[in-house]
Number of protein chains: 2
Amino acid sequence: MTTSQLADLANQVQSYGTSGLREQKRAVVRQALSRAALDLALQRGLERVLVPDIAARAGVSPRTFNNYFASKEEAVVAPAFDRIARILAAFRERSSAEPLWTSITEAIVSQFRPGDSEGGNALRHARLISDSPALWVEQLRAYAAIEVLLADAIAQRLGVATDEDLFPRLVAAMAISASRVAFEHWLSGDRDETFTTMLSRALDQVGGAFPAQPGHRAR
Amino acid sequence: MTTSQLADLANQVQSYGTSGLREQKRAVVRQALSRAALDLALQRGLERVLVPDIAARAGVSPRTFNNYFASKEEAVVAPAFDRIARILAAFRERSSAEPLWTSITEAIVSQFRPGDSEGGNALRHARLISDSPALWVEQLRAYAAIEVLLADAIAQRLGVATDEDLFPRLVAAMAISASRVAFEHWLSGDRDETFTTMLSRALDQVGGAFPAQPGHRAR
DNA sequence: GCAGATAATTGCGTGGCACGCACTCTGTCG
DNA sequence: CGACAGAGTGCGTGCCACGCAATTATCTGC
């Protein structure tokens with residue numbers, strides 16, 4: 001993965017920067033487009049949703065759609081990128097005194113606790129994504145994005161450089177992969193246990209590989 | 001990830017099934033298309049390569065291209081899917097008596113030993129993929145494919161079911177993720193050490209999390 | 001080895017999509 | 001309030017995936 005790519009992916013993570021009228025409107029339109037795409041996809045299946053449909057439902061011109069998203073898939077998966085921002089924020093707020101893996105685990109798990117936010121819609125959303133190859137690939141990009149950003153945050157906390165030490169990337173990859181596996185497993189199973197439980201278990205199981213504190217040894 | 005998806009991805013992994021004239025010719029055309037796509041992409045950049053160009057170079061009609069690959073990106077990344085088959089075969093050939101993680105590590109590393117097969121072309125290929133967002137995403141699909149297939153092979157060896165026990169998926173994900181991180185890190189760095197060295201180190205570092213033998217404990 | 005079944009190649013046509021460009025409208029800021 | 005940056009929009013272009021049906025090549029059983 002190249003520098004340019006990192007930038008591309010990172011830029012999709014909501015910046016929530018200035019709060020001028022302009023940026024505010026832009027955020028509204030973006031969310032409207034994303035919601036429109038999701039709603040339509042949920043009721044018809046994404047293949048039967050055309051970009052102009054989405055634009056129309058969001059009250060905007062078709063051409064405008066592509067000023068926000070490069071594809072309808074990107075629009076549907078956009079909320080995942082938002083969650084990334086929240087996970088990162090949660091991680092950064094954790095004390096550096098606590099074991100690294102604990103910080104990571106808690107940061108991730110905390111973003112799923114609020115009880116399947118937004119009603120059962122979240123579950124349908126998840127199923128939609130994992131059932132559509134195109135959406136699922138788009139989701140992979142989200143995982144890749146958070147992996148890189150999380151690695152940066154970890155490196156920052158440990159005071160090492162990501163391009164010299166592969167430890168941060170490794171730890172981030174393990175955390176994200178474990179989350180992804182837990183998620184997919186939970187989605188496909190009978191789910192006699194909650195997602196957060198399964199998530200925690202997967203993370204715990206993987207966490208044993210890594211030393212609790214900076215005294216790691218990767219190059 | 002859904003059953004249909006697993007099938008889709010798995011089907012891209014070369015089966016090398018029957019050796020009739022038919023399958024043989026098909027394999028030749030497939031490889032010709034893949035090579036053509038790669039060569040053209042290397043000299044012009046993938047954006048400047050059109051599907052008809054590839055088809056022409058492979059001596060086949062444009063329409064035929066899509067009977068083999070769904071996109072030019074898929075054609076360029078196809079060799080990665082071939083390597084998957086080899087890794088899986090290598091894993092299955094390892095003795096069940098040896099520790100699981102050792103089998104996995106050796107199976108993966110063994111497919112990179114032959115000294116950057118096919119001349120320095122492999123490195124250029126790798127850079128091409130990691131520099132192009134479209135190709136890079138396609139590569140993610142390959143990683144996902146092998147993760148699933150490897151998980152199945154692991155589950156088979158351990159005698160558990162992938163839909164009941166998430167341990168195989170977890171182990172597979174860790175192995176593949178570590179490999180991916182090592183690869184990306186190696187590609188972006190000065191590479192004062194060989195890829196296989198870095199790969200082994202990453203895998204070793206992660207392997208500590210898992211028990212050596214079936215006596216695991218995941219659900 | 002031949003006839004019917006099966007599968008691959010190809011040409012044509014269609015629907016869709018990403019994006020460049022130029023123009024307009026609307027916030028923004030001194 | 002006036003100039004400027006940036007966002008929305010219409011139009012046009014090039015490319016692409018894929019359905020369909022006809023043709024040709026391979027396979028299989030007798």
Side-chain angles (χ1 to χ4, degrees), chain A residues 4 8 11-12 14-15 17-34 36-37 40-41 44-78 132-135 137-138 141, chain B residues 4 8 11-12 14-15 17-34 36-37 40-41 44-78 132-135 137-138 141:
Chain A
S4 65
D8 286 352
N11 285 343
Q12 285 187 32
Q14 282 285 23
S15 45
T18 69
S19 56
L21 218 179
R22 222 164 191 155
E23 301 290 335
Q24 210 168 333
K25 273 188 155 183
R26 196 171 163 82
V28 167
V29 174
R30 182 185 162 91
Q31 186 147 353
L33 281 170
S34 180
L40 290 175
R44 294 188 221 167
L46 188 63
E47 327 80 54
R48 319 211 51 157
V49 177
L50 274 44
V51 168
D53 298 342
I54 303 173
R57 187 174 241 254
V60 100
S61 123
R63 180 63 184 82
T64 296
F65 175 87
N66 279 96
N67 290 345
Y68 285 86
F69 301 105
S71 68
K72 51 185 178 180
E73 290 80 13
E74 203 176 292
V76 172
V77 176
S132 155
L135 288 176
V137 162
E138 194 61 32
R141 294 184 60 230
Chain B
S4 66
D8 287 354
N11 285 343
Q12 286 187 33
Q14 282 285 22
S15 43
T18 70
S19 57
L21 220 180
R22 225 168 191 152
E23 301 290 334
Q24 210 168 331
K25 272 187 154 184
R26 196 173 163 82
V28 167
V29 173
R30 183 185 161 91
Q31 187 149 349
L33 282 170
S34 180
L40 290 176
R44 296 186 219 166
L46 188 64
E47 326 80 55
R48 318 210 53 156
V49 177
L50 273 44
V51 169
D53 298 342
I54 303 173
R57 187 175 241 253
V60 100
S61 124
R63 181 61 184 85
T64 296
F65 176 86
N66 278 97
N67 289 343
Y68 286 84
F69 301 104
S71 69
K72 50 185 178 182
E73 289 80 14
E74 203 176 292
V76 173
V77 176
S132 154
L135 288 177
V137 162
E138 194 61 30
R141 293 185 59 231

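Note on naming: letters A, B, ... go to the chains in the order of the sequence lines (proteins, then strands), and numbering restarts at 1 for each one.
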For A:Tyr68, report the nucleic acid contact type (base, sugar-phosphate, nothing); a contact means any heavy atom under 4.0 Å.
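The residue A:Tyr68 makes sugar-phosphate contact but no base contact.
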
I need the [atom1]-[atom2] distance between [X] and [N], as an integer number of Å.
| X | N | atom1 | atom2 | answer |
| --- | --- | --- | --- | --- |
| B:Glu73 | D:dA17 | CD | C1' | 12 Å |
| B:Glu23 | C:dT9 | CD | P | 11 Å |
| B:Glu47 | C:dG20 | CD | C1' | 16 Å |
| A:Glu74 | C:dA18 | CD | P | 9 Å |
| B:Arg44 | D:dC15 | CZ | P | 11 Å |
| A:Asn66 | C:dC21 | CG | P | 16 Å |
| A:Ile54 | C:dA18 | CD1 | C1' | 14 Å |
| A:Arg26 | C:dT28 | CZ | C1' | 16 Å |

Between B:Lys72 (side chain) and B:Leu50 (backbone), is there a donor-acceptor pair under 3.5 Å?
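The answer is no, because no donor-acceptor pair under 3.5 Å joins these two groups.
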
Would you check if the side chain of A:Ser34 reaches a backbone N or O of A:Val76 as a donor-acceptor pair within less than 3.5 Å?
no

Ignoring hydrogens and angles, are the base of D:dG8 and the side chain of A:Arg63 linked by a donor-acceptor pair under 3.5 Å?
no

Can you find an N or O donor on one side and an acceptor on the other, under 3.5 Å apart, linking the side chain of A:Arg22 with the base of D:dA7?
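Not at all, since no donor on one side and acceptor on the other fall under 3.5 Å apart.
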
As an exercise, state the distance from CG of B:Leu46 to CD of B:Glu138, rounded to the nearest 0.5 Å.
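If I round to the nearest 0.5 Å, the distance is 10.5 Å.
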
Do A:Arg26 and A:Tyr68 meet the cation-pi criteria used here (NZ or CZ under 6.0 Å from the six-membered ring centre, within 45° of the axis)?
yes

Considering just the side-chain nitrogens and oxygens of [X], establish if one lies under 4.0 Å of OP1 or OP2 belonging to [N].
| X | N | result |
| --- | --- | --- |
| B:Lys72 | D:dC16 | yes |
| A:Ser61 | D:dG8 | no |
| A:Lys25 | C:dT26 | no |
| B:Asn67 | C:dA8 | no |

For A:Ile54 and A:Ala36, which heavy atoms make the closest approach, and how far apart are they?
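Looks like O-CB, 3.8 Å.
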
Given C:dT9, C:dG16, D:dG8, which nucleotide is nearest the side-chain atoms of A:Leu50?
C:dG16

